[in-house]
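Scroll down for the structure; my scribbles are underneath it.
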Number of protein chains: 2
Amino acid sequence: MFSFKRLFSFVSEMRTPIEYSEKQIAIINAAEKLFAEKGFDGASVRDIAQEADVNVAMISYYFGSKEKLMEAVFEERTVNIKLKVENLLQDKSITPIQKVNILIDDYVDKFIHQQQFHKIMMREQMINKHTPVAALIHELKKKNLESIRTLIQEGQKTGAFKKNIDIVLMMTTMVGTVSQMLTSQHFYRTLNNMEHMDDMEFQRHIRKKLSTHLKNLFKQMITNE
Amino acid sequence: MFSFKRLFSFVSEMRTPIEYSEKQIAIINAAEKLFAEKGFDGASVRDIAQEADVNVAMISYYFGSKEKLMEAVFEERTVNIKLKVENLLQDKSITPIQKVNILIDDYVDKFIHQQQFHKIMMREQMINKHTPVAALIHELKKKNLESIRTLIQEGQKTGAFKKNIDIVLMMTTMVGTVSQMLTSQHFYRTLNNMEHMDDMEFQRHIRKKLSTHLKNLFKQMITNE
DNA sequence: TAAAACTAAACAAACGTTTAATTAATTTAT
DNA sequence: ATAAATTAATTAAACGTTTGTTTAGTTTTA
């Protein structure tokens, strides 16, 4: 009576994606969906197993525990979540303000395309416990912030940007606005009489709305008029 | 074997506060704290009872169920949560932009002073179910929005404000920025080397920060330069 | 034929809620 | 005013479910 349990670690530097089987992926997808909908405690392992069309025991078998399954969801979904600032920074053909705009679009896109996972992240940040998942989020945010800081400093050197920019506060507005839109999108939809739209169309709409809105806000925050 | 159970209803027009006993208030306070910390499913009735220093059975006895206790928390905390726009609107001695600024301060204050409850509200909005609590939030948001819409329209009539203002998007940025600050205040604190500050001082700091920041953003969004 | 994948059943612990009994407070009757 | 009667408040224990996890066995794969 032996059982094979997949081992993985939370190494953030040069993390390599883990190759999961079809069933394992089905479990991770189901977990992501239900954790996003009902929260970690609200979603039972039996719920998840049923959603993934898999025996309950498979969750412990493959992931060890419910907690570890959550970590696997994070591991899987954060592999390529980093903003594409690295390449952006070296590009001399585009202006700093254009780079910032690209970054905004990149962030909004990532958010829209990973709504479920971002809901989970928002919930986990609220809990404020010292879990591996919390550490991962913290690290992720810190890295994103550093990248943006470099980008802003570049703009400041050329004189295109203001001197005193509160980058954390600025990011708070970006992340907050997009999160709030995600959280209250049903409210936004009914209020603007957009129930007739199909989901894809509506997603495109708020994507464009957020992008334009944030670009305007950022322009005001970082440039000298 | 009879038991007295307090009845209350979710009438939003002219809601009258319910007079709770000391123990009932203790339960509501404990519930608010633990629901905010761990979420509805994460906080058990035994946790809550212990925090309130009360027998577990008292929760069912006074409130009927855990679900109803949550409703009682909402009932209790939303009684005087409406923004003070009504009186503000009639005041002719202050300009529309001043009114908007007062409103921002009012909102930030309410948020800062009711952080636990706002965490609960954020969580409940994410769930997106058709519960009494969700209906209450929806109604609350709608009313706040209508008040602000009136205020904005007043400014537009005098020519002080722009014509095309997306009020919902504007509110999304206000609520989102403040919520995000609440969610990630620990992150903000460590990043700005403010761990040495005591909590009260830090609260004052982010209150001022948010206030100034939002006023700048709003000015840009609603005025003609 | 050995290892891995998979299953139904069982596990103990925790869950929200109810019960049955007791104590405390309030009302009614004398 | 005091005793009796009634109602409310409070408790420990038990209720039946559901929880996450493990076991022991079976099927599948290599």
Counting only heavy atoms not in B/Glu195, do more than 12 sit closer than 6.0 Å to its CD atom? yes
Counting only heavy atoms from other residues, nucleotides and ligands, does the tally under 6.0 Å from CG of A/Asp198 exceed 12? yes
Listing for DNA chain D: consecutive Watson-Crick or G-U pair runs of at least 3, distance cutoff 3.5 Å, ranges ordered by first number, gives C:1-30 with D:1-30
Rounded to whole Å, please give me the gap between CG in A/Asp41 and C1' in D/dG20. 12 Å
Atom CE of B/Met58 and atom P of D/dT11 are separated, to the nearest Å, by 7 Å
Ignoring hydrogens and geometry beyond distance, is a side-chain donor-acceptor pair present between A/Ser211 and A/Lys215 at under 3.5 Å? yes
May I ask you to evaluate whether A/Tyr61 reaches the phosphate of C/dA4, defined as a side-chain N or O under 4.0 Å from OP1 or OP2? no
Less than 4.0 angstrom from a charged side-chain N to a carboxylate O is my criterion; do B/Asp41 and A/Lys38 meet it? no
If I take atom OH in residue A/Tyr62 and atom C1' in nucleotide C/dC6, what distance separates them, rounded to the nearest angstrom? 8 Å
When the aromatic ring centroids of A/Phe117 and A/Phe74 are compared, is their separation below 6.0 Å? yes
Using whole Å, report how far CD of A/Gln24 lies from P of C/dC6. 9 Å
For atom CD1 of B/Ile27 and atom C1' of D/dT10, their distance in whole Å: 11 Å
B/Lys141 charged N/C atom sitting above A/Phe187 aromatic ring, 6.0 Å / 45°: yes
Between P on D/dT18 and NZ on A/Lys66, what's the gap in Å once rounded to a whole number? 15 Å
Quickly work out the B/Phe63 CZ to C/dT18 C1' distance and round it to whole Å. 18 Å
Quick check with a 6.0 Å cut-off and a 45 degree axis cone: is A/Lys66 positioned over the face of A/Phe40's six-membered ring? yes
Is the phosphate of D/dT10 approached by B/Lys23 (side-chain N or O, under 4.0 Å from OP1 or OP2)? yes
Below 4.5 Å, heavy atoms only, C-beta onward: do A/Met170 and A/Ile152 meet side chain to side chain? yes
Residues from residues 43-57 of chain A sitting under 4.0 Å of DNA chain C, heavy atoms only? A/Arg46, A/Asn55, A/Ala57
Sequence neighbours excluded, which residues qualify as ring pair (Phe, Tyr, Trp, His ring centres under 6.0 Å) partners of B/Tyr188? none
Atom CZ of B/Phe40 and atom P of C/dC15 are separated, to the nearest Å, by 13 Å
